Amino acid sequence: MHKITKQVISTALALSIVGGVGGNLYSAAEKPNSTTVSKVTISFNGNAKSSKGFTWYTSLTSKNTDLQVVKKTGKKPNFKKAMTFKGTKTISSNSKKEYVHKAKATGLKADTEYYFRVGDASKSSWSEVGIFETAPSKGAFTFIDLADTQAKTEEEAILSAETISKAMDKVPNAEFIVHNGDLLDDGVKEEQWDWLLGHSQKSLLNTTLVPSAGNHEDENYAFIDHFNLDTPKKSATKTGAYYSYNYSNAHFVVLNSNEDSEKYANFSEKQVEWLKKDVKAAKAKGAKWIIVNIHKGPYTTSNHATDDDIMGPNGVRNQIAPLMAKLDIDFVLQGHDHIYARTKPINSKGTVSKIQKISETKKGQKIEYTVNPDGSIYLIPATAGPKVYYKNQDPVLGNAFYKMFEVADENHAAIYGPDPDNNDRPARSQIQNFVGITIDKNKLTAVSYEIDQNKNKAKPYIIDQFGIIKK
């Protein structure tokens, strides 16, 4: 409806920290007398139809936390008519010369576009203008899913930023981006947030980001410092966060797989109990679709498929996956394993249920839809960043495990040989992936894209299409 306009505007905007994808950037800590706004993110916080959360960073000279929002009615905003919101600030957990600012816009209209800017009104110090959209009460919507933008260098972060930009261009009607964790390589190194959020700033000013915490941002509040999320009361946030939101006829649950307990690897008992209550409440209120975003997923085909916290007695595959099926969770988006794969519907017994399919043709290509699946379908969208893994050949998995998958290919980056610095992995930075997902009433359609830096002028192309129909 409006997304092409978003991208046109986003290419015209640039924060002073960024000269575009691949441009120069700095953190507020490096210029302590500057009031420049950096690392702006937009999050779901509260009712997605009427509110939105914002986070940004400044040096310690910027004392106020101001958010201005005005309905989008033309090509330029008039902030004289803006709604104004005050937020709060704290000193960054991992960058003591920077403030973390958080504010929330409320009282918004559903299915409406808004311009916004954040900063310090007393100093007339503002971010560049961004655009966000509130959720519709009903109707079709599209989002992007990607994972593991994790970069060891600024150059690699530029690559990840380019993937995000290309995904938004390829799926211009996407209303938000779901990120399945490991945004960067070391969460407590604020410089790496400067890299990723800085080089992605043009994109992130114009979309809502839905992140799950990866194991690379599981320390010292590194994750929660960068996102203004509506987390359950008294839930722990030092290692990440869990939360949920509704969007049209779908309910999204974001889990934190950085918690541990005696009963569950990667999850506290408190979080698991919250998951049960949250999903049951969403279904009682009429949610048609339940979608989970988890970093350390139970069904993948690479290195981590045989990790003890995945396949051990208390592991995610044995403890959390059966619960997904029992709760009638439709679709599970995973990260962590840096390979593309998707499963057949897996039931609470850990087996594949009987499958009914129908086919449709879209743009000359056949799409198979699984009809009324008895169980959850799992997808891992490979990586939007540089690091990739080979397919797991450990015989402990066996043929029975791989028969649970519709797609379980060797990593497409394997054709470029091993990484010179690590023979256990394919060459870095050659192939990136993302997925465009549309939900329209009782139908979910997913189109998976690949970027090969050596083919097709590094433009995205389709590698997989599939869907789910609920009758």
Side-chain angles (χ1 to χ4, degrees), residues 2 5-6 9-10 12-18 27-28 31 33-92 98-137 175-176 197-198 201-210 224-231 243 245 247:
H2 64 284
T5 305
K6 267 189 177 177
I9 291 173
S10 72
L13 298 173
L15 280 177
S16 57
I17 61 164
V18 187
S27 70
K31 292 197 173 183
N33 296 319
S34 169
T35 57
T36 300
V37 173
S38 68
K39 292 177 279 194
V40 181
T41 60
I42 310 169
S43 308
F44 290 117
N45 189 316
N47 189 329
K49 294 184 290 186
S50 60
S51 65
K52 199 74 94 170
F54 301 83
T55 306
W56 66 97
Y57 277 59
T58 68
S59 71
L60 301 184
T61 61
S62 185
K63 301 296 184 183
N64 295 306
T65 302
D66 297 307
L67 164 66
Q68 292 186 336
V69 173
V70 63
K71 188 175 178 181
K72 183 179 179 293
T73 56
K75 292 183 178 180
K76 291 185 179 180
N78 180 0
F79 284 107
K80 290 181 180 179
K81 299 180 180 180
M83 295 180 284
T84 60
F85 303 92
K86 286 283 186 181
T88 59
K89 69 180 186 298
T90 56
I91 292 177
S92 164
E98 291 184 274
Y99 277 134
V100 180
H101 299 263
K102 294 190 177 186
K104 181 178 177 179
T106 58
L108 308 174
K109 293 182 179 180
D111 200 18
T112 302
E113 285 183 287
Y114 290 89
Y115 289 114
F116 80 94
R117 63 182 182 179
V118 296
D120 187 336
S122 69
K123 297 179 182 293
S124 296
S125 173
W126 296 103
S127 68
E128 292 295 333
V129 177
I131 298 173
F132 69 87
E133 180 185 14
T134 51
S137 298
E175 296 172 29
F176 53 93
L197 300 183
Q201 191 67 94
K202 287 182 183 180
S203 298
L204 298 181
L205 275 170
N206 294 280
T207 191
T208 301
L209 189 61
V210 185
I224 197 65
D225 269 10
H226 294 87
F227 306 103
N228 189 0
L229 304 170
D230 187 15
T231 57
Y243 58 100
Y245 63 97
Y247 205 95

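Since the model is a prediction, treat every value here as computed from it, not as a measurement.
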Exercise. Work out which heavy atom in Ser122 is nearest to a heavy atom in Asn64; give both atom names and the distance.
Key: OG-ND2, 2.9 Å
Quiz item: Would a distance-only check, ignoring hydrogens and angles, find a side-chain to backbone donor-acceptor pair under 3.5 Å from Glu98 to Leu60?
Solution: no
Quiz item: Quick one: OH on Tyr99 to OG1 on Thr58, what's the gap to the nearest 0.5 Å?
Solution: 8.0 Å
Quiz item: Does the ring centre of Phe44 sit less than 6.0 Å away from the ring centre of Phe176?
Solution: yes
Exercise. Check for a donor-acceptor pair, side chain of Lys102 on one end and backbone N or O of Gly53 on the other, with a separation under 3.5 Å.
Key: no
Quiz item: Between Val69 and Ala105, which heavy-atom pair has the shortest distance, and what is it?
Solution: CG2-CB, 4.0 Å
Self-check item: Lys104 atom NZ, neighbour heavy-atom count above 12 within 6.0 Å
Solution: yes
Quiz item: If we ignore angles and hydrogens, is there a donor and acceptor under 3.5 Å between the side chains of Lys123 and Ser62?
Solution: no
Quiz prompt | Leu197 side chain near Tyr57 side chain, heavy-atom distance below 4.5 Å | solution = no
Self-check item: Nearest-0.5 Å distance that lies between atom OG in Ser127 and atom CH2 in Trp56
Solution: 8.0 Å
Practice problem: For a side-chain contact (heavy atoms from CB on, under 4.5 Å) with Tyr114, tell me which candidate from Lys52, Glu133, Met83 qualifies. | Solution: Met83
Quiz item: Can you name the nearest heavy-atom pair linking Lys49 to Thr134, along with the distance?
Solution: O-CB, 3.4 Å
Exercise. Would you mind telling me which of Asn45, Thr88, Thr41 makes a side chain to side chain donor-acceptor pair (under 3.5 Å) with Asn228?
Key: Asn45
Quiz item: Which value, rounded to the nearest 0.5 Å, describes the distance between Gln68 atom CD and Tyr115 atom OH?
Solution: 15.0 Å
Practice problem: Write down the atom of Tyr245, the atom of Val210, and the distance for their closest heavy-atom approach. | Solution: OH-CG2, 3.4 Å
Quiz item: From Leu67 CG over to Thr84 OG1, what is the distance, rounded to the nearest 0.5 angstrom?
Solution: 8.5 Å
Quiz item: Are any of the side-chain heavy atoms of Val40 and Phe116 separated by less than 4.5 Å?
Solution: yes
Quiz prompt | Test of ring centre spacing under 6.0 Å for Phe54 and His101 | solution = no
Practice problem: Would you indicate whether the side-chain heavy atoms of Tyr247 and Thr208 approach each other to under 4.5 Å? | Solution: no
Quiz item: Do Pro77 and Arg117 have side chains that get closer than 4.5 Å, going by heavy atoms?
Solution: no
Practice problem: Decide if atom NZ of Lys86 counts as having more than 12 heavy atoms of other residues, nucleotides or ligands within a radius under 6.0 Å. | Solution: yes
Quiz item: Do Ile42 and Thr207 come within less than 4.5 Å of each other through their side chains, counting heavy atoms only?
Solution: no
Quiz prompt | Between CG on residue Asp225 and OG1 on residue Thr90, distance to nearest 0.5 Å | solution = 6.0 Å
Quiz item: How many angstroms lie between atom CZ of Phe85 and atom OG of Ser51, to the nearest 0.5 angstrom?
Solution: 9.5 Å
